[in-house]
Amino acid sequence: MPTMLTDVFRGHPIHLPHSHQPDFTSLSELPDSYTWTPKDDPLLDAAPCPPAASENIPLIDLNHPDAANQIGSACRTWGAFQIANHGVPLELLQGIEFLTGSLFQLPVQRKLKAARSDTGFSGYGVARISSFFNKQMWSEGFTITGSPLNDFRKLWPQHHLKNYCDIVEEYEEQMQTLASKLMWLSLTSLGVSEEDIKWATANPDLNWAQSALQLNHYPVCPEPDRAMGLAAHTDSTLLTILHQNNTAGLQVFRDDLGWVTVPPVPGSLVVNVGDLFHILSNGLFKSVLHRARVNQTRSRFSVAFLWGPQSDIKISPVPKLVSPVESPLYRSVTWTEYLRTKATHFNEALSMIRNHIDE
Ligand SMILES: C=C1C[C@]23C[C@H]1CC[C@H]2[C@@]12CCC[C@@](C)(C(=O)O1)[C@H]2[C@@H]3C(=O)O
Ligand SMILES: O=C(O)CCC(=O)C(=O)O
Ligand SMILES: [Fe+2]
């Protein structure tokens with residue numbers, strides 16, 4: 001049996017101080033432990049992009065005949081894009097947003113009943129990457145993989161459960177279909193077709209992918225300029241599809257522009273390339289560094305669909321994308337191995353599986 005996502009962190013405990021979460025709503029001043037300076041994050045104020053700058057990740061119409069090339073180009077230059085006409089019913093986006101709002105609105109004592117354990121994968125808590133920073137993030141999260149029933153039972157009375165589980169299940173199915181479509185469209189733009197990736201096509205009756213849902217809440221913050229919602233990171237996924245409510249906060253990093261805010265476009269979804277897709281594309285697609293900022297007037301919610309391969313699949317650069325006279329940029333790695341490397345080495349994880357050519 002391949003490792004399921006639920007078991008990924010079993011031998012890799014990290015202690016996350018869930019129970020020290022402050023009651024965000026009662027604070028009128030930012031506590032010291034939540035105040036970020038460039039010492040806590042060297043890229044904190046990196047060349048902030050002036051608000052007037054028009055450069056932003058593209059908004060791509062999935063029905064456009066040239067969508068594949070537009071997506072491919074966005075994956076190379078930004079590692080991120082937004083999509084309209086994605087086919088996911090608006091009602092379902094509203095449903096998952098409602099569920100997310102209801103969950104985080106629960107009293108903190110109730111949410112803590114479903115706290116993620118030190119070696120666990122699912123449940124309520126601070127972001128996993130918190131252990132790599134000296135300062136706390138102004139957010140709370142809830143991770144789901146597979147059926148959310150066991151965790152949801154700890155939060156809500158019986159009569160809510162079926163409806164909430166149905167929403168999650170339907171959302172995962174829709175995202176799954178969309179993610180796979182986006183992967184093939186972007187690969188097409190590189191001249192890579194289904195025959196080139198054996199593990200994805202060998203058994204059409206079997207789903208070769210697995211996923212997690214990360215619900216995020218960024219409460220209203222008394223001093224947003226000095227706080228951090230979710231610190232800069234790349235996702236360990238092939239692709240991540242993000243739904244954000246109508247409140248800005250997500251920023252993507254470009255070496256030449258600094259931090260660029262991704263404006264919420266109602267009904268559209270944000271897609272970003274993760275580390276595994278960067279590896280698969282032999283470095284052609286950019287695994288984008290991103291973070292979430294907070295604000296003083298509106299609470300922000302986001303739902304990230306984190307998508308990757310089943311744990312027995314080894315991801316390595318597609319041979320077609322490797323020059324005949326060079327070695328592939330990365331050695332092969334499964335999602336489980338990669339998540340564990342990331343859990344110990346965080347932003348160094350990619351460079352740890354890079355093939356270093358001896359001179
Ligand atoms: C399947 C995944 C991907 C995880 C770990 C695990 C479950 C939760 C995901 C996130 C979600 C929030 C940012 C991140 C950086 C984090 O702290 O938890 C992500 C991480 C990753 O992409 O590495
Ligand atoms: O809330 C956001 O906009 C970003 C969330 C995110 O990056 C994540 O959950 O991995
Ligand atoms: Fe992310």
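Because only heavy atoms are used, hydrogens play no part in the values below, and waters and symmetry mates are left out as well, while side chains stay in. Each ligand, and each atom within it, is numbered from 1 in the order the structure gives.
- Taking any N or O of Ser236, backbone or side chain, at least one lies under 3.5 Å from an N or O belonging to ligand 1.
- The shortest contact between atom 8 (C) of ligand 1 and any protein heavy atom is with Gln214 OE1, 3.9 Å.
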Practice prompt. Walk me through it: do Arg116 and Asp151 pass the test salt bridge (charged side-chain N to carboxylate O under 4.0 Å, His left out)?
Written response: CA-CA 9 Å; Arg116 207 164 61 225; Asp151 289 319; over 6 Å; no

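- Using the six-membered ring where Trp is involved, Phe346 and Phe133 have ring planes that are perpendicular, over 60° apart on the 30 and 60° scheme.
- Glu223 has a carboxylate O that lies under 4.0 Å from a charged side-chain N of Arg226, or vice versa, which qualifies the two as a salt bridge.
- With contacts defined as side-chain heavy-atom distances shorter than 4.5 Å, the pair Ile129/Leu230 qualifies.
- When hydrogens are left out, the protein atom nearest atom 3 (C) of ligand 1 is Leu339 CD2, 4.0 Å; that is the closest non-hydrogen contact.
- When the heavy-atom distances from atom 10 (C) of ligand 1 to Leu306, Thr240, Asn347, Thr336 are ranked, the shortest goes to Leu306.
- Counting only heavy atoms from C-beta outward, the side chains of Thr237 and Leu276 never approach each other to under 4.5 Å.
- Separation of the Phe285 and His278 ring centroids does not fall under the 6.0 Å cut-off.
- No chain of hydrophobic side-chain contacts below 4.5 Å, direct or via other Ile, Leu, Val, Met, Phe, Trp or Tyr residues, connects Leu306 to Leu242.
- Under a 3.5 Å cut-off, the side chain of Lys135 and the backbone N or O of Trp36 do not form any donor-acceptor pair.
- In Asp235, the parts holding a heavy atom less than 4.0 Å from any atom of ligand 1 are both the side chain and the backbone.
- Aromatic rings from Trp208 and Trp307 are positioned such that their centres are separated by under 6.0 Å.
- Which parts of ligand 1 touch Trp335 is read off a 4.0 Å heavy-atom cut-off, strictly below it: atoms 1 (C).
- There is a protein heavy atom less than 4.0 angstrom from atom 6 (C) of ligand 1.
- Linking ILVMFWY residues whenever their side-chain heavy atoms come closer than 4.5 Å, directly or via other members, places Leu187 and Leu185 in the same cluster.
- For ligand 1, the atoms closer than 4.0 angstrom to any heavy atom of Arg128 are 17 (O).
- Using cut-offs of 30° and 60° for the angle between ring planes, the Phe152 and Trp156 rings count as perpendicular.
- Because its NZ or CZ atom is both nearer than 6.0 Å to the ring centre of Phe9 and within 45° of the ring axis, Arg128 counts as a cation-pi partner of that residue.
- With a 4.0 Å cut-off on non-hydrogen atoms, His233 touches ligand 1 through its side chain and not its backbone.
- A distance limit of 4.0 angstrom between heavy atoms and ligand 2 selects the residues Gln214, Asn216, Tyr218, Leu230, His233, Asp235, Leu242, Leu250, His290, Arg300, Ser302, Ala304.
- Close approach of ligand 1 to Phe121 (heavy-atom distance below 4.0 Å) involves ligand atoms 1 (C), 6 (C), 7 (C).
- On a distance-only criterion, Ile129 and ligand 1 share at least one N/O pair closer than 3.5 Å.
- The residues Arg254 and Glu55 are annotated as salt-bridged, a charged nitrogen and a carboxylate oxygen being separated by less than 4.0 angstrom.
- Neither the backbone nor the side chain of Tyr338 comes within contact range of ligand 1; no heavy atom lies under 4.0 Å.
- Annotation for Lys320: atom NZ counts as buried by contact number, over 12 foreign heavy atoms lying within 6.0 Å.
- Classification of Asp225 and Arg293 as a salt-bridged pair fails, no side-chain N sitting under 4.0 Å from a carboxylate O.
- For atom 20 (C) of ligand 1, the nearest protein heavy atom lies 4.0 Å or farther away.
- Heavy-atom neighbours of Lys154 NZ from other residues, nucleotides or ligands within 6.0 Å: above the threshold of 12.
- Around the Fe ion (ligand 3), protein atoms of type N, O or S found under 2.8 Å number 3.
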